[in-house]
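Just so you know, these numbers use all the heavy atoms, side chains as well, and skip hydrogens, waters and symmetry mates.
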There are 2 protein chains.
Amino acid sequence: MTERVVPPAERRRRRPTKQGVVLSEELIVATALRLIEEHGAEALSVRRLGRALGADPSSLYRYFRHTDDLLLAVADELIGRTLRDWRPTGDWRADLRDLGLRVHSGALGHPRAAVLSAYRVTGRVHEIQAVETILGVLRGAGFPDPEAVRVYHAFVDQALAFSALDAAGAALPKPARDAENAVWQATYARLPAGTHPNIAATARHLVADMRHSSYPTALEMLLSAAEARLFEIRGRA
Amino acid sequence: MTERVVPPAERRRRRPTKQGVVLSEELIVATALRLIEEHGAEALSVRRLGRALGADPSSLYRYFRHTDDLLLAVADELIGRTLRDWRPTGDWRADLRDLGLRVHSGALGHPRAAVLSAYRVTGRVHEIQAVETILGVLRGAGFPDPEAVRVYHAFVDQALAFSALDAAGAALPKPARDAENAVWQATYARLPAGTHPNIAATARHLVADMRHSSYPTALEMLLSAAEARLFEIRGRA
DNA sequence: CTTCACAGGTCAACGGTGTTGTCATAAGGT
DNA sequence: ACCTTATGACAACACCGTTGACCTGTGAAG
């Protein structure tokens, strides 16, 4: 085997598969995404994807060097869909809040694909655009470059990490999800004050609070800390 | 096949394998951990574990219903090891920092088990103890109950979410991990200032910063925000 | 002691996975 | 109409988790 993957720009021969489908990177990614949403992340395999496309599994290796490449393309498509129509307002804190919440709720909308892709650095167009945008917001706000990068990194990783965490929860089968919720009522809310004074004292708040994602709180805290740091920097200048 | 897994308490027959090894839940978990440590996360498969133990792979199904069960047992062992010798110092911020970093580095040491277990609420002893401890630290610091619960939730989820995120990165097969690192040098560091001014301006910092986990930064920011909130509350009192 | 139920180790098989080397063919430029 | 070659198809490899049937040694009961 020589070189198998041909860059999209040079693809011209549009030869259909035996079942009459004309393959393309876009079609493959879209089908993979559909497969994940409909049958779960574990339903995505080269062979199943080939079957869903009406093509031999090995054909996919003409478009992606290996499964990992394909997953990165899927992840990037997700980023693109999430940020497609976002525009900055000029208020850096509001902008970052909005971006973070968008990513988070986008992930909850496609939980299984989100879990799969939140971990990866794709280096593809949509991701690059997101990086450029966020760095622009921070530098525009007055963060010096090293600080802007540090805050960028924490902000992005926090958004991705919470997205994956909450998406994984949302992707659980319903009975399992109910069971997890019940643990707080059935186990924690019933611990005696003698052995577990702090849980007993806060049980009421725990039961109420643990139902929701803590991402909004964590995001707000990160933004507050960033703002405090910004004041500090301005004060020194 | 009737019921395959017998609860440990009822195990009495200590029949050695063909190669003379006497199996036990403890031995299997310990060997699995060793395998992960020595040959990387991807080296853990039922078949390889069987080989390492000197037993037929199918023997393991007498002790664990499936691979997930085994990994949870490994994870539980990990939690135990992580919190075994931790003691509070009385300085709430230092205590929370230490706890967060411990959980995080514990997860990095055993990425595959960590990824699996970070998402689940177990309601088991170790978890309950951790909840009680952290709430105690926060209430002792002077956070009123609702605030203590909110900060607790954000703190714990952040620790788990970043642990899962970074553990997933560490669990990638080596070539994929190298590829991710290379993206920052090969792609981001070479974008022209014309189209991507913010990336171009900070490329040097990006390449340096993205190699490391952002959890320490994010954790510190969360603690700073919590402390600021605490001052605010005290000032009002 | 001997007996004997059965826990638990083994074997073989099933259906799945990613990946690759080789081959066949139709598309597109000439 | 021809020729090149991109690209799809096929078959094979080495792995994976899991299961049902089988066999054997253990440990307790008589």
Student: Distance check needed: dG8(C) P versus Y63(B) OH, whole Å only.
Tutor: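 Spelled out: OH on Y63(B) to P on dG8(C) is 6 Å.
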Student: Under 4.0 Å from OP1 or OP2 of dT17(C): is there any side-chain N or O of S45(A) that close?
Tutor: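 Looking at the OP1 and OP2 atoms of dT17(C), one of them is under 4.0 Å from a side-chain N or O of S45(A).
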Student: Decide yes or no on side-chain contact (heavy atoms from CB on, under 4.5 Å) for T217(A) and H153(B), but give the supporting numbers first.
Tutor: CA-CA 9 Å; T217(A) 302; H153(B) 193 183; over 6 Å; no
Student: Check the phosphate of dT10(C) against S59(B), side-chain N and O only, distance under 4.0 Å to OP1 or OP2. Yes or no?
Tutor: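 True: S59(B) side-chain N/O within range (under 4.0 Å) of dT10(C) OP1/OP2.
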Student: Within the pair K18(B) and dC11(C), is there a side-chain N or O less than 4.0 Å away from OP1 or OP2?
Tutor: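 Affirmative; the distance criterion is met.
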Student: If you check every side-chain atom of A55(A), which of dT17(C), dA9(D), dG8(D) has the closest atom?
Tutor: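 Among dT17(C), dA9(D), dG8(D), the one nearest the side chain of A55(A) is dA9(D).
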Student: Surrounding CD of Q129(A) (heavy atoms of other residues, nucleotides or ligands, distance under 6.0 Å), is the total greater than 12?
Tutor: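 Not more than 12 within 6.0 Å, no.
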Student: Taking atom P of dT18(D) as reference, at what distance in whole Å does atom CD of E42(A) sit?
Tutor: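 Between P of dT18(D) and CD of E42(A): 13 Å.
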Student: Is Y152(A) close to T202(B) at the side-chain level, that is, under 4.5 Å between some pair of heavy atoms?
Tutor: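 They are not in side-chain contact.
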Student: Does S58(A) place a side-chain N or O at less than 4.0 Å from the phosphate oxygens OP1/OP2 of dG8(D)?
Tutor: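 Negative; the distance criterion is not met.
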Student: In whole angstrom, give the distance that lies between atom CG of L27(B) and atom P of dG9(C).
Tutor: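 Checked: the CG to P distance equals 11 Å.
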Student: Nearest whole Å is fine: how far is dG15(C) P from R48(A) CZ?
Tutor: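 The answer, rounded to whole Å, is 15 Å.
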Student: Expressed in angstrom and rounded to an integer, what is the separation of R51(A) atom CZ from dT17(C) atom P?
Tutor: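 It works out to 6 Å between those atoms.
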Student: Can you tell me if Q158(A) and Y215(B) form a side-chain donor-acceptor pair at under 3.5 Å?
Tutor: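 Checked: Q158(A)/Y215(B) side chains show no N/O donor-acceptor pair below 3.5 Å.
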Student: On DNA chain C, compare the nucleotides closest to P57(A) and V21(B); which residue's is nearer the 5' end?
Tutor: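 Of the two residues, V21(B) wins.
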Student: Under 3.5 Å, is there a donor-acceptor pair between the Y188(B) and E127(A) side chains?
Tutor: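 Checked: Y188(B)/E127(A) side chains pair up, N/O donor to acceptor below 3.5 Å.
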Student: Among dA9(D), dG8(D), dA13(C), which nucleotide sits nearest the side chain of R47(B)?
Tutor: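 Among the listed nucleotides, the one closest to the side chain of R47(B) is dA13(C).
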Student: Nearest of dT19(D), dA6(D), dT17(C) to any side-chain atom of Y61(B)?
Tutor: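 In terms of side-chain proximity for Y61(B), the closest of dT19(D), dA6(D), dT17(C) is dT19(D).
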Student: Over how many whole Å does the gap from L49(B) atom CG to dC16(D) atom P extend?
Tutor: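 Rounded to the whole Å, the gap is 11 Å.
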Student: Assign each of P16(B) and T67(B) to its nearest nucleotide of DNA chain D by heavy atoms, then name whichever residue's nucleotide is nearer the 5' end.
Tutor: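 In this pair, the answer is T67(B).
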Student: If you assign each of A43(A) and D56(A) to its closest nucleotide in DNA chain C, which residue comes earlier from the 5' end?
Tutor: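 On the 5' side of the pair lies A43(A).
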Student: Compare the minimum distances between each of dC11(C), dT19(C), dA26(C) and the side chain of R15(A), then state the nucleotide with the smallest one.
Tutor: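 The listed nucleotide nearest to R15(A)'s side chain is dA26(C).
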Student: Measure from the side chain of R62(B), starting at C-beta and using heavy atoms only, and say which of dT10(C), dG9(C), dA9(D) lies closest.
Tutor: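 That would be dG9(C).
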Student: To the nearest Å, give me how far apart CZ (F64(A)) and P (dT20(C)) are.
Tutor: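 After rounding, the gap between these two atoms is 16 Å.
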Student: Starting from C1' on dG18(C), measure out to CG on L71(A) and report it in whole angstrom.
Tutor: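 Atom-to-atom, L71(A) to dG18(C), this comes out as 12 Å.
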